[in-house]
Amino acid sequence: MVTPLVPGTGPRTPRTTRRDGALSVWPGSTVPLDDGDLAVGGVSLTELADRFGTPVYLLDEAEVRARCRVYREAFPEAAVLYAAKAFLCRAMAHWAEEEGLGLDVCSAGELELAVTTGFPPEHIVLHGNAKSPYDLQAALRLGVGRIVIDSPSEIARLAVAVPGGSRQKVMVRVAPGIAAGGHAKVRTGTDDQKFGLSLTDGSAHHAIARILDQPRLELVGLHCHLGSQITSAKPYLAAVRRMVGLLARVRDQHGVTLPELDMGGGHGIAYRPGEPALDIAALGPRLRAELADSCAAAGLPVPRLIIEPGRAVVGPAGVALYRVLAVKRTGHRTFVAVDGGMSDNPRPALYGVRYAPRLVGRATTAPLAPATVAGRHCEAGDVLAGEAELPGDVRPGDLLAVPVAGAYHLSMASGYNLVGRPPVVAVADGRARLLVRRESLDDIRGRDVGL
Ligand SMILES: Cc1ncc(COP(=O)(O)O)c(C=O)c1O
């Protein structure tokens, strides 16, 4: 009997309905105030910027929790692991745990932060295509629930590190040969990228055979993660069929019935009004039905399903606030430069992601006009929103808010130009509280220890 990763419990509350129009991608609590201001979680964005400075990131706690509950509702019998790479701080780990989610982590750093704040290690899965010895030692020392093996060389290395007399639960990351995802750089289900072991060329099956020979490793299931920003259920259903096919081969050739199947994350969200998002409430029953049908056809018991959403839990709960520092009109373009940029949000530069920033805190009747919202960094490619629509009278001192800023911004933030990473503030019930403080020059100086 395999210990369940996450008990199928937790609060169950349906998510509030989304509004249409310009605020459709904002947190559900967002309301317009007088003078062009907006409130999120009952907190005025202008007041928040005045109190914490800019750039600043806010997270709507109720929105994060509501999104966790949508998953618990849609996947009542599955283990839902929040993918910490999207954004992690101690409060986020607490919210995920309180809402009945486990965690997917990718490093000793993510793992230690979660465990030292009280997250149960047995509800954590460790990933990584190149785990360092330190990552593996931390995972074993802290008693992580599962380690997902991603390369042949990891098998023996992990097996010798497991203390004698004990066994570590592991899974195998499979590349099922399915192309899905919003950009070539985030497609991870095919053979031409670095993650996983190929189902097509037999590497996955070969690794499984080797793991089954290791007495200190207990293979509990298979894993795949197709990619990110997937907005249709179809690739997941196709992947379920292929993964069940592999489970059946393992049963046929080794006499082993693996009890778990982890289908990863990658659930797409809308960054701008009108963009598609994956319907999570519909995905749950469809995945479940496909899994039941495929297993029945293969004569297999239905394995415990695991999913790993990151972006869809935290992305739409975040808003980034910037102050406009300069407005430059060149030819047909208007550049609106703000006090943050690629050091707090590298996504536009990495994948050409598009956002819908909005002027807040000043009422204006000026018609909307095309604008390029640029960052402050020393790269011409430091553009946060290339096709924004802002009031034609936008000027230095204005406040710009970028919705859907909760995932893969600060977790990918860099030290470029030593501007310091922005703070993270939680808003809930009309109150704002600091979760992560701004990175100061003292923090930066503190690491600089040699002359
Ligand atoms: C193994 C794995 N699981 C889950 C995720 C989360 O993906 P998303 O945030 O798109 O849901 C990722 C993202 O890279 C991943 O690599």
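Whatever order the structure lists them in is the order used to number ligands and atoms, beginning at 1. All figures in this text were calculated on a predicted structure; none of them were measured in a lab.
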Please determine whether the number of non-hydrogen atoms from other residues, nucleotides or ligands lying under 6.0 Å from atom CZ of Arg141 exceeds 12.
yes
Please classify the Arg311 to ligand 1 contact at 4.0 Å (heavy-atom distances, strictly less than): side chain, backbone, both or neither.
both
Ser228, any N or O under 3.5 Å of ligand 1 N or O
yes
Can you list the ligand 1 atoms lying under 4.0 Å from a non-hydrogen atom of Gly310?
8 (P), 9 (O), 11 (O)
Using a 4.0 Å cut-off to any heavy atom of Gly265, which atoms of ligand 1 qualify?
4 (C), 11 (O)
Contact between ligand 1 and Gly266 is defined here as a heavy atom of the residue under 4.0 Å from a ligand atom; is it met?
yes
Does ligand 1 have an atom that lies less than 4.0 angstrom from a heavy atom of Phe195?
no
Ligand 1 versus Asp104: contacting region, heavy-atom distance under 4.0 Å:
side chain
Just checking, is any N or O donor in the side chain of Asp339 or Thr54 under 3.5 Å from an acceptor N or O on the other one?
yes
Would you call Pro309 a ligand 1 contact, heavy-atom distance under 4.0 Å?
yes
For ligand 1, which atoms, with element, lie under 4.0 Å from some heavy atom of Ala83?
4 (C), 5 (C), 6 (C)
Under 4.0 Å from any heavy atom of Tyr408, which atoms of ligand 1 are there?
6 (C), 7 (O), 8 (P), 9 (O), 13 (C)
Students often mix this up, so state it plainly: with edges at 30° and 60°, are the rings of Tyr355 and Tyr271 parallel, tilted or perpendicular?
perpendicular
Atom indices of ligand 1 within 4.0 angstrom of His223 heavy atoms, with elements:
1 (C)
